[in-house]
Amino acid sequence: MRFDIVTVLPGLLESPFAHSILQRAQKKGIAEIHVHNLRDYSTQKQKSVDDYPYGGGSGMVMTIDPFARIIEKLKSERDYDEVIFMSPDGETFNQQIANQLSTKTNYIILCGHYKGIDQRIRDIFVTREISIGDYVLSGGELPAAIVVDAVVRLIPGVLSDETSALSDSFQDGLLDAPVYTRPADWNGYKVPDILLSGNTPEVEKWRFEQAVERTRKRRPDLLE
């Protein structure tokens, strides 16, 4: 799987992709993550990629030409399943969307900044718009990193335990059950006896019941 991320702040994405699961996925050759500096595709002397909005108003708007140049260049080199724009008014990202994206191959992700991007970019090039929640950030870089992380960990071979991702919160519409590890008794706070019993069917039953109860208390909307 390949991600090409277009941004005016490539340095902001260096750390998220250089550690832990994402780093291992790249070293294994399972995922490729390429970050492109949008300013490299500007024809302006100062490498600017924004201008004043037509009709007046505050803020600056990212211009269409640099985006068109990088998207057309990338598309000339390979086929892409989606051109994704990280936007606060896109569809809200969830585990189901992550599952969908993990079954495809190549993605371009556009990161906006300033007041936004020229609507024509969205109309002509973007095939899907994704939001990570009902709030506004300074740009699309952190949301892009979140989407890539959530998707890459689902690719077979990325996690050392292939079943781990399948038991995560939201995979079955429920939050995950409580988890414990050693010691079994810490200052009088004990691990539930059922988890020490070795009775796998009863343990699984307990985990399911706990997941349902936790979901009912914390996210009842998931049970509707």
Side-chain angles (χ1 to χ4, degrees), residues 1-44 46-50 59-78 80-88 90 93-95 97-98 101-102 104-117 121-122 125-133 135-160 164-165 168:
M1 180 177 290
R2 177 181 173 116
F3 295 89
D4 286 280
I5 304 174
V6 181
T7 170
V8 292
L9 295 172
L12 192 58
L13 291 170
E14 290 177 1
S15 180
F17 300 145
H19 303 279
S20 189
I21 291 171
L22 292 179
Q23 181 191 53
R24 293 199 298 271
Q26 292 175 85
K27 285 185 175 180
K28 290 180 179 180
I30 297 173
E32 292 183 54
I33 304 172
H34 301 270
V35 179
H36 306 269
N37 190 339
L38 183 64
R39 296 189 188 280
D40 291 341
Y41 296 86
S42 171
T43 58
Q44 303 298 314
Q46 302 300 323
K47 295 298 181 182
S48 62
V49 295
D50 60 299
M60 302 291 282
V61 177
M62 300 184 80
T63 56
I64 188 171
D65 192 57
F67 278 108
R69 288 174 181 273
I70 176 62
I71 293 170
E72 289 168 356
K73 175 182 180 296
L74 291 172
K75 283 188 171 183
S76 71
E77 297 168 351
R78 67 191 56 81
Y80 287 90
D81 296 289
E82 301 270 17
V83 177
I84 299 171
F85 175 49
M86 304 307 305
S87 168
F93 189 63
N94 56 29
Q95 192 63 42
I97 295 175
L101 296 179
S102 72
K104 298 182 181 180
T105 306
N106 297 323
Y107 296 98
I108 296 174
I109 301 181
L110 308 181
C111 301
H113 242 277
Y114 313 118
K115 186 65 175 177
I117 68 175
I121 301 168
R122 301 167 76 166
F125 300 108
V126 172
T127 62
R128 189 165 196 171
E129 301 190 5
I130 293 177
S131 166
I132 62 165
Y135 46 87
V136 177
L137 298 176
S138 299
E141 289 77 18
L142 298 180
I146 288 171
V147 169
V148 172
D149 187 293
V151 173
V152 167
R153 67 190 309 280
L154 296 172
I155 304 172
V158 171
L159 299 181
S160 56
S164 180
D168 286 341

To the nearest 0.5 angstrom, please state how far the [atom1] atom of [X] sits from the [atom2] atom of [Y].
X: E14; Y: E141; atom1: CD; atom2: CD; result: 12.0 Å
X: I30; Y: I21; atom1: CD1; atom2: CD1; result: 11.5 Å
X: M86; Y: I132; atom1: CE; atom2: CD1; result: 6.5 Å
X: I84; Y: I130; atom1: CD1; atom2: CD1; result: 4.5 Å
X: D50; Y: M62; atom1: CG; atom2: CE; result: 7.5 Å
X: F3; Y: L22; atom1: CZ; atom2: CG; result: 9.0 Å

Handout entry: Where at least one partner belongs to residues 24-37, residue pairs that pass side-chain hydrogen bond (donor to acceptor under 3.5 Å, both in side chains), sequence neighbours excluded
Key = R2-E32, R2-H34, D4-H36, E32-H34

Within the side chain of [X], is there an N or O that forms a donor-acceptor pair under 3.5 Å with the backbone of [Y]?
X: S42; Y: S48; answer: yes
X: H113; Y: V8; answer: no
X: R128; Y: E82; answer: no
X: E129; Y: G90; answer: no

I'd like to check [X] versus [Y] (side-chain heavy atoms, cut-off strictly below 4.5 Å). Are they in contact?
X: L38; Y: T7; result: no
X: K115; Y: M60; result: no
X: P143; Y: L137; result: yes
X: V61; Y: Y114; result: no
X: R69; Y: T43; result: yes
X: T63; Y: I121; result: no
X: Y41; Y: K73; result: yes
X: V151; Y: M1; result: yes

Show which side-chain atoms of residues 104-112 pair as donor or acceptor with protein atoms under 3.5 Å away, not counting sequence neighbours.
unit_1: N106; atom_1: ND2; unit_2: D79; atom_2: O; d: 3.0
unit_1: Y107; atom_1: OH; unit_2: L101; atom_2: O; d: 2.6

Practice task
Return the minimal non-hydrogen interatomic distance between P88 and Y135, and the atom names on each side.
Solution key: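 Looking at all heavy atoms of both residues, the shortest contact is CB-O, 4.0 Å.
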
Problem - Between Y80 and R78, a side-chain donor and acceptor under 3.5 Å - result: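 There is such a pair between these side chains.
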
Problem - Residues that S20 engages under side chain to side chain donor-acceptor pair (under 3.5 Å), provided they are two or more places apart - result: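 For S20 there are no side chain to side chain donor-acceptor pair (under 3.5 Å) partners, ignoring immediate neighbours.
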
Problem - Q95 and L154: CA distance, side-chain angles, deciding distance, side-chain contact (heavy atoms from CB on, under 4.5 Å) verdict - result: CA-CA 10 Å; Q95 192 63 42; L154 296 172; 3.7 Å; yes

Problem - Q46, CD: over 12 other non-hydrogen atoms inside 6.0 angstrom - result: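 No.
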
